[in-house]
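Notes follow the structure.
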Amino acid sequence: MLKFKPEARAYLIEIRALSTDREDNDVFVGMTFEESVWYANYLEESFAGTSDRSDSSERKYLALHDKHEEARRTILAGESLMRSTATQ
């Protein structure tokens with residue numbers, strides 16, 4: 001389960017980084033629930049200096065990060081396009 005302080009949750013929603021899945025679980029945009037939990041745990045451990053820095057964990061983190069950022073940018077681009085179309 002992903003747990004965020006209210007201000008962190010608000011920020012992640014604002015930057016289109018957080019969504020919910022079909023089961024109403026918080027997920028990082030572009031990720032499954034399981035991927036989101038792994039990603040959040042890895043980030044927390046990384047900030048604490050306790051993460052597994054093996055090549056496979058690092059590759060998994062980078063792949064999930066890229067997947068997430070691509071999905072997030074797609075959402076932002078769509079919103080931008082809708083705003084520009086609405087003003088024409």
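Residues meeting the side-chain hydrogen bond (donor to acceptor under 3.5 Å, both in side chains) test with Asp21, sequence neighbours left out: Asn25. Partners of Ser46 under the side-chain hydrogen bond (donor to acceptor under 3.5 Å, both in side chains) rule, at least two apart in sequence or in another chain, are Arg53. Partners of Ser54 under the side chain to side chain contact (heavy atoms under 4.5 Å, CB included) rule, at least two apart in sequence or in another chain, are Asp52, Ser56, Ser57. Residues satisfying the side chain to side chain contact (heavy atoms under 4.5 Å, CB included) criterion with Ala63, sequence neighbours excluded, are absent altogether.
A donor-acceptor contact shorter than 3.5 Å links the side chain of Ser36 to the backbone of Thr32. With His68 contributing its side chain and Val29 its backbone, the two residues share a donor-acceptor pair below 3.5 Å.
Applying the salt bridge (Lys or Arg N to Asp or Glu O under 4.0 Å) rule to pairs touching residues 30-40 yields Glu35-Lys67, sequence neighbours excluded. For residues 5-19, the salt bridge (Lys or Arg N to Asp or Glu O under 4.0 Å) pairs, not counting sequence neighbours, are Arg9-Asp26, Arg16-Glu79.
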Name the atoms and distances for all side-chain donor-acceptor pairs under 3.5 Å in residues 37-45, with sequence neighbours left out.
from  : atom 1 : to    : atom 2 : distance (Å)
Tyr39 : OH     : His65 : ND1    : 2.8
Asn41 : ND2    : Val37 : O      : 3.3
Tyr42 : OH     : Glu58 : OE1    : 2.6

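For Tyr11, the OH atom counts as loosely surrounded, since its 6.0 Å shell holds 12 or fewer non-hydrogen atoms of other residues, nucleotides or ligands.
Cluster annotation: Phe4 is connected to Phe33 through the hydrophobic network of ILVMFWY side chains, with a link wherever side-chain heavy atoms come within less than 4.5 Å. Both Leu62 and Met31 are assigned to one and the same hydrophobic cluster, defined by single-linkage of ILVMFWY side chains at heavy-atom distances under 4.5 Å. Cluster membership check: Leu18 does not share its hydrophobic cluster with Ile75, using side-chain heavy-atom separations under 4.5 Å among Ile, Leu, Val, Met, Phe, Trp and Tyr.
Taken to the nearest 0.5 Å, the CD atom of Glu69 stands 10.5 Å off from the OG1 atom of Thr74.
The minimum heavy-atom distance between Gly30 and Ala71, with the atom names listed, is CA-CB, 3.6 Å.
Considering only heavy atoms from C-beta on, Leu64 stays 4.5 Å or farther from Phe28 through its side chain.
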